[in-house]
A.B. asks: 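Submitted below is the structure of interest, expressed as structure tokens.
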Amino acid sequence: MQLIPCPWCGPREEAEFHYGGQAHVAYPEDPSALTDEEWAQYVFFRDNPSGPFAERWSHSAGCRRWFNAVRDTRSHDLLAVYRAGEPMPEVAS
Amino acid sequence: MTADLTSPLAGWTDRLAALAPALTVSEVPFRSQLTVRVSDPGAVAAMGSALGVVFPSVPCTFTAGEGEFGAVEVLWLGPDEFLVVAAPGLQVPIEEVLRGALGDFRGSVVDTSAQRTTLALEGPHVRDVLAHGCSVDLHPAAAPVGVCVQTLLARTGIVLLVTGEDRVMLLVRSSFAEYLAAWLSDACAEYRAVA
Amino acid sequence: MTFRTSTGGAIDRNTLLHFTFNGQKLSGHPGDTLASALLANGVHEIGSSVKLGRPRGVVAAGSEDPTSLVQIEAPFSEPMLLATTVELYDGLEARGLAGQGRLAALPDPARYDAKHEHCDVLVVGAGPAGLVAALTAARSGARVVLVDEQNQAGGALLGVEEYLDDRPSAEWVADIVAELKSTPGVLVLERTTAFGMYQDGFVLALQKRTDHLGFAAPATVARQRVWRIRTKQTVLATGAHERPVVFADNDRPGIMLASSARTFLHRYGVLPGSRAVVFTTNDSAYCAAIDLAESGVDIALIADARPEAPARLATECAARGIEVRAGQLVTGTEGTSRVTVVHVGGEKIECDTLLVSGGWNPVVSLFSQARGKLRYDAELGAFVPGEELSTVRVAGSATGELDLNACTRQGRDAGAAAAGAAGFASGGQVPLPVSDSRCTARSGLVLWRVPGDEDASFVDLQRDATVSDVLRATGAGLRSLEHIKRYTTIGTAHDQGKTSGMIAAGIVAEALGVELEDQRPTTFRPPYTSVSFAALAGRDRGELHDPVRVTAIHPWHVAHGALFENVGQWKRPWYYPQPGEDLHTAVLRECRATRESVGMMDGSTLGKIDVQGRDAGKFLDMLYTNMMSNLKVGKIRYGVMCGVDGMVIDDGTVIRVGEQRYLVTTTTGNAAKILDWMEEWLQTEWPHLDVHCASVTEHWVTIPLVGPKSRAVLGEVAPDLDVSNEAFEFMTWHDTVVAGVPARVCRISFSGELAYEINVTAWHGLAVWEALMAAGEKYGITPYGTETMHVLRAEKGYPIIGQETDATVTPQDLGMSWAVSKKKPDFIGKRSFARAENNRTDRKQLVGLLPVDPEVLLPEGSQIVETDRLPEPPVRMLGHVTSSYPSAALGRTFALALVRSGHERIGETLYVPVEDTLVPVTVTESVLYDKEGARRDG
Ligand SMILES: [Zn+2]
């Protein structure tokens with residue numbers, strides 16, 4: 001049972017959290033201006049790196065805040081957590 | 001009118017009382033509870049002074065005070081979210097006062113009094129019993145009086161308030177209250193036998 | 001004949017425990033394991049092997065034993081336990097196994113539980129290194145947990161008779177344990193096996209709390225407990241297991257690890273036999289031989305595989321008349337149920353015991369589970385911890401160190417370092433004991449196997465896997481130990497290869513001509529020892545298996561005989577059978593009463609979310625496919641929500657409570673999901689919006705009052721409310737007083753009938769429900785459950801999210817284009833409606849199906865085909881039946897279905913395969929009852 005450090009509540013067991021997929025994928029400004037291809041990129045396509053990956057988590061059984069985390073997909077180690085709206089910090093992988 | 005009120009654990013009074021001396025457990029029903037979303041410091045302060053309590057500024061804590069509505073507790077639920085708890089029957093006037101204090105600032109006030117019920121737990125084993133289902137460290141050094149955590153107890157969400165060395169309050173969603181009561185009864189079994 | 005010594009051992013010789021093994025009545029003493037008691041009675045044959053049926057005995061004294069599998073029959077049947085780890089109790093009944101056990105047919109009456117524990121330093125293993133580590137950490141003031149799988153501390157010291165600081169080692173152990181137990185913040189857990197080590201200092205340990213009490217175990221005490229330990233730092237002092245050497249016919253009962261025989265002697269006062277041959281590659285077996293000889297065992301010979309025997313030990317042996325032959329190998333054995341002859345250097349030696357030592361394997365399972373890298377130590381012939389981890393330290397023989405003085409020094413260093421890393425300054429040095437041990441157990445010759453009959457040279461005695469099997473694997477081209485493990489099954493039994501894994505690796509390396517330094521050991525995975533499912537389930541079984549959520553009116557439903565349906569975690573009334581009624585007749589009655597007079601149900605499980613703020617309308621316009629911001633205060637609108645892919649995720653009503661306030665409802669199952677969905681958009685995409693959401697699902701009780709007489713009933717309980725159709729229009733709401741209680745009444749219908757939804761705070765729910773029942777009595781008011789609700793809505797073609805939809809269905813597919821705004825510039829899902837895939841004419845669309853035979857009820861989930869005869873496979877499926885009911889109002893059966901190009905097929909006849917027949921059905925619109933909506937206003 002991994003610990004995930006909520007930026008507000010501190011480290012809690014992962015069972016308290018919901019996963020929200022890749023972070024920093026913004027809802028397009030004007031979806032109607034996008035081609036089908038571009039829209040499909042937004043809806044269906046996500047990165048799947050081997051290594052550090054910025055993703056969203058919600059502390060659903062706690063403070064219900066969404067935040068971002070950089071996780072090394074090879075080890076599951078959380079390299080950084082930061083609040084929604086903040087830029088992704090530099091991490092050493 | 002209260003004669004018509006039924007609390008979520010109305011049918012559990014005797015079973016909970018029977019957990020003594022392992023643990024003294026009782027439901028504290030019908031408390032006034034308001035979910036408040038507010039982030040402007042001025043509005044937070046105004047709400048606090050209207051109720052006679054300083055809103056908690058530290059995550060995962062609660063504060064208590066006394067004012068116009070008697071004893072009031074304010075629970076930190078999130079960076080802009082609080083639960084204001086007072087004696088039964090005060091939710092309507094408190095909502096009015098809080099709305100007044102919020103004024104034009106961003107935020108909301110919602111009467112959620114019946115959304116959750118409260119269990120008061122007391123006894124030397126209280127932290128031990130809860131440790132059977134709660135992954136948060138409840139050692140007195142890690143969870144001193146004043147702590148208020150939202151977490152999981154066994155398979156239900158709870159808000160856990162440490163109100164004394166041997167005293168804890170649990171807030172639980174009303175529909176999960178019977179599950180929680182059943183779980184507590186089971187978790188106490190061994191401590192009852194020992195006691 | 002008894003093999004019990006006259007003195008010694010940590011057993012209570014004054015108390016007799018009676019037990020039964022394979023039907024034979026035997027006795028032992030408190031302190032015995034089942035294995036030691038059996039050996040004391042001269043019983044070596046425990047069971048037989050799983051494939052070949054060869055006799056199996058006791059190889060080791062602890063949890064590393066590969067062979068002594070038994071089934072406990074009393075007090076409660078439990079399979080696949082090791083006789084070496086079952087503590088003896090009075091009345092124990094056990095049976096040897098042939099590699100497989102039998103699950104109990106009855107529910108286990110024992111309690112099981114779990115407990116969370118947090119600490120600064122966790123020490124695993126209470127041998128000399130672990131004890132010193134724990135005490136060092138404890139003296140620093142750290143919160144310390146010490147776990148050990150034995151029923152008493154001491155580790156390897158329990159199996160020897162040695163002195164520490166000129167006192168029996170047990171006294172030194174007792175002093176340390178006493179100090180630990182009296183130090184605040186220290187938890188010592190005996191009979192507790194750390195079986196899994198995970199990320200972030202999470203360790204699972206199984207404590208066997210009352211197993212050893214047998215029939216006397218108190219029913220209120222959890223028999224086993226899973227400790228969920230969260231630690232900052234860990235010291236692994238898990239020790240080492242002695243390793244055998246493989247040779248022909250090495251599997252007979254009576255062939256035992258040398259140190260285990262020594263343990264049986266010193267800990268239990270049990271001799272392994274009368275006459276023993278010792279086969280070793282290192283010094284440690286000499287001590288076993290000497291101790292056993294001094295206790296009366298005739299040591300026929302020590303065959304030392306090394307070219308030269310150790311001089312000092314050889315002299316000691318000579319002094320006791322023990323013959324030592326260097327450079328000698330055991331090449332085979334004879335015997336049926338017990339070894340009787342051992343072949344050494346062409347000579348046949350009669351004996352009843354063969355003691356073997358092939359060196360020592362450090363126990364690195366937890367270290368490896370913690371992702372620590374292992375390194376091959378060629379001198380030791382074993383994998384050892386190959387790196388330092390920041391939160392996990394290894395001390396004692398688990399590092400490969402076999403000298404006691406060095407082990408305790410490592411323990412002290414590791415304990416101090418762990419406490420230091422957890423933020424605790426040293427609390428004073430723990431003095432290290434001085435040992436008088438004769439056998440420093442320095443490593444010897446690495447020998448995996450003696451050449452001989454490869455079909456009878458057993459590598460994994462539990463899996464009946466031989467050298468032949470290994471060579472067959474390498475011969476087939478397998479090179480990786482992971483592959484060979486799976487091919488041969490070596491290391492996959494209950495013991496997870498504790499004694500066989502290293503040897504298998506060695507034989508593979510020899511066969512392939514590679515160096516073990518270059519081989520990757522197989523990955524160690526939890527659990528280290530077997531853990532029962534009952535222990536893992538803990539108290540999460542029976543009524544606590546999963547939370548049962550109930551509404552405030554639940555006690556009434558129970559009292560009135562409702563049968564319940566599980567909807568997510570909720571218990572919802574399914575139907576209320578009257579005497580003699582089944583589901584079918586009860587639902588027809590409930591439907592008829594509701595459509596003809598008045599019915600009511602408990603709708604409290606509907607999700608309810610309060611949405612407030614200046615931008616609330618704007619926000620809901622983005623979430624719903626239709627417009628919500630132009631809804632007038634006092635009005636209600638039905639709405640559909642889609643994901644960004646344009647597929648329906650939920651539906652419900654939106655009530656405009658005030659200029660800046662809405663109350664939205666969700667389906668029962670999606671309440672939490674939709675609130676999360678809202679928060680996700682608000683927090684991550686549109687934090688600038690002034691909107692806040694709060695769940696009020698359980699604050700309110702919701703009672704739909706449905707049917708032509710609902711107005712009359714409501715009028716009686718809500719005297720302040722003008723219930724006329726003009727004053728209280730469809731899709732509007734009013735705050736009023738119902739049955740003396742403040743209430744919000746909404747005119748919403750999910751059945752097509754005149755209907756109201758009465759909302760009161762949950763505390764008032766039961767009283768208001770009862771008041772409505774009383775007021776409706778003269779109209780025959782009928783409570784109904786979810787089944788009737790489903791029939792009533794299906795007759796009207798209203799879809800249920802999750803029943804008619806499955807994340808591939810658009811609002812258009814449901815025939816709900818009317819609920820999709822053309823005016824709004826954007827909303828979630830809108831852009832996807834323009835995708836080519838969503839505009840195909842052959843999409844599956846919601847339609848009604850009327851079986852040509854009005855009596856035939858189509859099974860839900862049935863497939864739909866085009867022709868009245870099934871063509872050769874593959875058969876093209878047009879869709880499936882999503883809902884199917886008999887209808888009182890229609891006087892026949894009907895169904896809803898998703899059908900390819902369904903909207904174009906209305907009027908066509910299609911076919912539904914039901915068992916062996918193809919049922920003809922007519923495709924219709926989805927609305928089957930009261931198409932004109934004449935019943936809505938009563
Ligand atoms: Zn949090």
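Every heavy atom of this structure was used, including side-chain atoms; hydrogens, water molecules and symmetry mates were not. Order of the sequence lines fixes the chain letters, A, B, ..., with proteins taken first and strands second; residue numbering starts at 1 for each chain.
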A.B. asks: Is it the case that atom CD in E38(A) sees more than 12 heavy atoms from other parts of the structure closer than 6.0 Å?
C.D. replies: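 Correct, the count exceeds 12.
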
A.B. asks: Within the 4.5 Å heavy-atom criterion, are E81(B) and C63(A) side-chain neighbours or not?
C.D. replies: no

A.B. asks: Can you confirm whether more than 12 heavy atoms, excluding those of D30(A), are under 6.0 Å from its CG atom?
C.D. replies: yes

A.B. asks: Identify which part of V159(B) has an atom lying under 4.5 Å from any heavy atom of chain A, answering side chain, backbone, both or neither.
C.D. replies: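 Contact with chain A is absent: no heavy atom of V159(B) under 4.5 Å.
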
A.B. asks: Is there side-chain contact between E13(A) and L152(B), with heavy atoms separated by less than 4.5 Å?
C.D. replies: no

A.B. asks: Show, in sequence, the C-alpha distance, side-chain angles and deciding distance for E16(A) and Q150(B), and conclude whether the side chain to side chain contact (heavy atoms under 4.5 Å, CB included) test is met.
C.D. replies: CA-CA 9 Å; E16(A) 295 191 8; Q150(B) 298 166 87; over 6 Å; no

A.B. asks: Just to be sure I understand the criterion: a residue of residues 164-177 of chain B counts if one of its heavy atoms is under 4.5 Å from a heavy atom of chain A. Which ones qualify?
C.D. replies: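 Within residues 164-177 of chain B, no residue comes under 4.5 Å of chain A, counting heavy atoms only.
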
A.B. asks: When you look at C60(B) and W8(A), which way does the side chain to side chain contact (heavy atoms under 4.5 Å, CB included) test go after all the steps?
C.D. replies: CA-CA 8 Å; C60(B) 303; W8(A) 302 101; over 6 Å; no

A.B. asks: Rounded at 0.5 Å granularity, tell me how far OG1 in T151(B) sits from NE2 in H59(A).
C.D. replies: 6.5 Å

A.B. asks: Could you tell me the separation between the CZ atom of R64(A) and the CG atom of L77(B), rounded to the nearest 0.5 Å?
C.D. replies: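 Rounded to the nearest 0.5 Å, the CZ-CG separation comes to 8.5 Å.
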
